[in-house]
Peer 1: 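Please see the structure below; I have some questions.
Here is how names work: the chains are called A, B, and so on, in the same order as the sequence lines, proteins then strands, and each is numbered from 1.
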Number of protein chains: 2
Amino acid sequence: MELSERDQKVLEAVVNDYIKTGEPVGSRVISKRHGLNVSSATIRNVMADLEEMGLLYQPHTSAGRVPTEKGLRFYLDSIAEFKKLESKERALIRRAFQESTRDFKELLRKTSHVLSKFCKQAAVVLWPRLALTRFKHIEFIRIRVRQILVILISRSGLVQHYTLHWDEDISQDELDKFSRYLNELLEDIPLGEVKKRVLNEMHKEKVLFDELYSRALAMTQQVFQAGFENSDIYIEGQINLLNSPEFTDVQRLRRILEAFEDKSRIIRLLDMTLNVSEGVQIILGPEMELKELHEIGLISSPYRRGDTLLGALGVIGPLRMDYSKIIPVVEFTADLLSELLEEPVEE
Amino acid sequence: MELSERDQKVLEAVVNDYIKTGEPVGSRVISKRHGLNVSSATIRNVMADLEEMGLLYQPHTSAGRVPTEKGLRFYLDSIAEFKKLESKERALIRRAFQESTRDFKELLRKTSHVLSKFCKQAAVVLWPRLALTRFKHIEFIRIRVRQILVILISRSGLVQHYTLHWDEDISQDELDKFSRYLNELLEDIPLGEVKKRVLNEMHKEKVLFDELYSRALAMTQQVFQAGFENSDIYIEGQINLLNSPEFTDVQRLRRILEAFEDKSRIIRLLDMTLNVSEGVQIILGPEMELKELHEIGLISSPYRRGDTLLGALGVIGPLRMDYSKIIPVVEFTADLLSELLEEPVEE
DNA sequence: CGCTAGCACTCAAGGGAAATGAGTGCTGAT
DNA sequence: ATCAGCACTCATTTCCCTTGAGTGCTAGCG
């Protein structure tokens, strides 16, 4: 698709005005407000062309134009240029993180809070993919007969736990031995490799004939099979969606919030973005499979530790949101979070 | 306030119809539908009386009557009789809990899910007051230099953790000693008494001169001071509020959801109910201090283990909700949760 | 040939008058 | 005491008209 400079300017103007006002924008406004020195009639011709290309759309004959999803996409991909976040804003966000503890969960929660506050939209933060974090510590606690609480801690301080039912009752003393054995065995390996390591170990001779070892391994196997899969997500600031006039219609709002309720979908959505790119991504509603979310957009970015992409964070808002503000915020926040997760060099 | 039998019947009819339809109810409907064999004119007279007493209210001259908060209160306290939940429903709720693990958090989350699903309103479940649960295990993990992850497990399997910054760096070996010492010291005492016990211990001679002990105690002191206070709450099904026509007005809805956003208020609210009574309580919006919540009602009940009231759960909905359904559900769910929390006798 | 001024046309949105109907209060009869 | 009947009130709905923003088209201009 080729657009002349002027065509692009007109499209840009339409998108910008539409994002600002939410109303269809007419030719007159554009010819007046924006620097193109042509009459409204000319703009109309251009707009008619853009409409033919499927970039604009007219709600009804006597209304102005609204960008289509295709138009928005084209604008975002080929026309708009997004700056880095201003240093003033950067400082503000940094400050918001200042007081927060270094507790992992707390940090993620804080992140979602900050994002939703600064972008005035709903924010999502995906938990790190467990498989990528490294083993630090495991502990088995006997809660009651045949019921064992398994606690897993990753090197970065992420705590996971899972309640396990076991066929026979095991004393706390023995469980302590399990812990000691496993803590040594699994030291510092990525959680994603635990299963493999355990399987390997199970076939070693010294283990095959040692009841304690093999039970410990069997238990670990089961726990990692069932227990620690759950990736989770923090969603915050859904109320902000109420700010947008497009969601004053309760039915629409309902559909969308319902989609949020089922977190697994959002998780999958964010998870997908992890495989695609390293930087900020924009996914427009109509590009998602979920038709409940057709009317919203997602701006997301992965966060990392070192070179591994751990998880993702993002902002969810109406298609008509302030990309020029939100994109830099998302970008910076992701960087900041990555920075905070960076392991300091041991002194 | 004294009401004749007939007056009560009329009030009841108004409340019931209003709850069902959400519209002001007129005299004609009442004289027809409900078993009182009097004409609408007579009903009108009765209604006029009830209005004078402040139990009913007329939005405008030619509209029917709506119960006032006072009227609703009177109805709930003195007129309505709530049955136990039907056994069919009971079985359904039991079933919903069937598959769930015995993991504490999972259980609470499940509870909020079940409540919101069965009552078709928003549900809240307050975490147990930590102070009332008993000590099971504490563990200190060195995450990085001068940063220690403290994990606390209560006897019922509730896991809490907190990231602690400590002035000097302590090796994992030493931390393990801390754990062993404290696990013995604090065995099985209620968490609310930990601080006292620690303080006591600090003054004992054998501790005063032992560096390890006193450091461990100091650390515990600090953790329990700052870390484990946070009571939390699960809120689920807020979307259900959108079902009620009274909240299709976005502004109202906004106010209410905003109040939800700040969980601490809701926590305080539920926490208060814990001190009042043992059974189901109904708090009507106007009775709360928070004027944001004037338009909603809360039906809550404590849950317990044995004889101690641990926490509370409840349903939040419009003032006009189906009390006759929800009250029994809340009551039963609280009982069921208490039952599930019951510690089985050790075999 | 590209641009523009001008004009007729379209259509959503706003506003006001009239119709509708649910519900009341009061009165006089039973 | 209770009720039938009637006049009255007032929110809600419906309809129609006006308004104004915006378009497409065409003829004329540089």
Peer 1: If you find the nucleotide of DNA chain D closest to Ser62(A) and the one closest to Ser62(B), which residue's nucleotide is nearer the 5' end?
Peer 2: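 Closer to the 5' end of DNA chain D: Ser62(B).
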Peer 1: Considering only residues two or more places apart or on different chains, which pairs with a residue in residues 285-294 of chain A satisfy side-chain hydrogen bond (donor to acceptor under 3.5 Å, both in side chains)?
Peer 2: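 Passing the test, one end in residues 285-294 of chain A: Arg73(A)-Glu287(A), Arg265(A)-Glu292(A).
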Peer 1: Can you give the first and last nucleotides of DNA chain C, 5' to 3', that have an atom under 4.0 Å from a heavy atom of chain A?
Peer 2: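 The footprint of chain A covers dC3(C) to dA12(C).
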Peer 1: Determine whether a donor-acceptor pair (N or O, by modelled atom type, separation under 3.5 Å) exists between the side chain of Arg90(A) and the backbone of Phe332(A).
Peer 2: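 Such a contact is absent between Arg90(A) side chain and Phe332(A) backbone.
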Peer 1: Taking the side chain from Ser4(B) and the backbone from Asp7(B), do they hold a donor-acceptor pair closer than 3.5 Å?
Peer 2: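 Yes; at least one donor-acceptor contact below 3.5 Å.
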Peer 1: Please produce a list of atom pairs where a protein N or O lies less than 3.5 Å from an N or O of nucleotides 13-16 of chain D.
Peer 2:
none

Peer 1: Grab the N/O contacts between the protein and nucleotides 25-30 of chain D below 3.5 Å, and write none if there aren't any.
Peer 2:
none

Peer 1: Measure from CZ on Arg65(A) to P on dA21(D) and round the result to the nearest Å.
Peer 2: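 Roughly 18 Å, once rounded to whole Å.
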Peer 1: Tell me which donor-acceptor pairs under 3.5 Å the side chains of residues 42-58 of chain A have, and how far apart each pair is, sequence neighbours excluded?
Peer 2:
{"residue": "Thr42(A)", "atom": "OG1", "partner": "Ser39(A)", "partner atom": "OG", "Å": "3.3"}
{"residue": "Arg44(A)", "atom": "NH1", "partner": "Ser27(A)", "partner atom": "OG", "Å": "3.1"}
{"residue": "Arg44(A)", "atom": "NH1", "partner": "Ser40(A)", "partner atom": "OG", "Å": "3.4"}
{"residue": "Glu51(A)", "atom": "OE1", "partner": "Arg65(A)", "partner atom": "NE", "Å": "2.7"}
{"residue": "Glu51(A)", "atom": "OE1", "partner": "Arg65(A)", "partner atom": "NH2", "Å": "2.8"}
{"residue": "Gln58(A)", "atom": "NE2", "partner": "Thr61(A)", "partner atom": "O", "Å": "3.0"}
{"residue": "Gln58(A)", "atom": "NE2", "partner": "Ala63(A)", "partner atom": "O", "Å": "3.2"}

Peer 1: Between Lys84(B) and Glu331(B), does any side-chain N to carboxylate O distance fall below 4.0 Å?
Peer 2: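 Yes, Lys84(B) and Glu331(B) are salt-bridged.
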Peer 1: Do other residues, nucleotides or ligands put more than 12 heavy atoms under 6.0 Å from the CG atom of Asp77(A)?
Peer 2: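 Yes.
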Peer 1: Does any part of the side chain of Gln238(B), heavy atoms only, come nearer than 4.5 Å to the side chain of Gln238(A), both counted from C-beta?
Peer 2: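 No, side chains not in contact.
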Peer 1: Taking atom CZ of Arg254(B) as the centre, report whether more than 12 heavy atoms of other residues, nucleotides or ligands fall under 6.0 Å from it.
Peer 2: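 Enclosed: over 12 neighbouring heavy atoms sit under 6.0 Å from CZ of Arg254(B).
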Peer 1: Near DNA chain D, counting only heavy atoms under 4.0 Å, which residues of residues 13-30 of chain A show up?
Peer 2: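 Correct list: Gly26(A), Ser27(A).
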Peer 1: Return the CD to CG distance between Glu12(B) and Asp17(B), rounded to the nearest 0.5 Å.
Peer 2: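 Going from the CD atom of Glu12(B) to the CG atom of Asp17(B) covers 10.5 Å.
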Peer 1: Is the backbone N or O of His113(B) less than 3.5 Å from a side-chain atom of Ser116(B), with the two atoms forming a donor-acceptor pair by type?
Peer 2: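 Flag set: sc Ser116(B) to bb His113(B) pair under 3.5 Å.
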Peer 1: Between the side chains of Asp271(B) and Thr273(B), is a donor N or O closer than 3.5 angstrom to an acceptor N or O?
Peer 2: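 No.
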Peer 1: Taking the basic N atoms (NZ, or NE/NH1/NH2) and the acidic carboxylate oxygens, is any pair closer than 4.0 Å for Arg320(B) and Glu246(B)?
Peer 2: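 Salt bridge: yes.
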Peer 1: Should Phe247(B) and Pro318(B) count as side-chain neighbours, where that means a heavy-atom distance under 4.5 Å?
Peer 2: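 In short, these two side chains touch, coming nearer than 4.5 Å.
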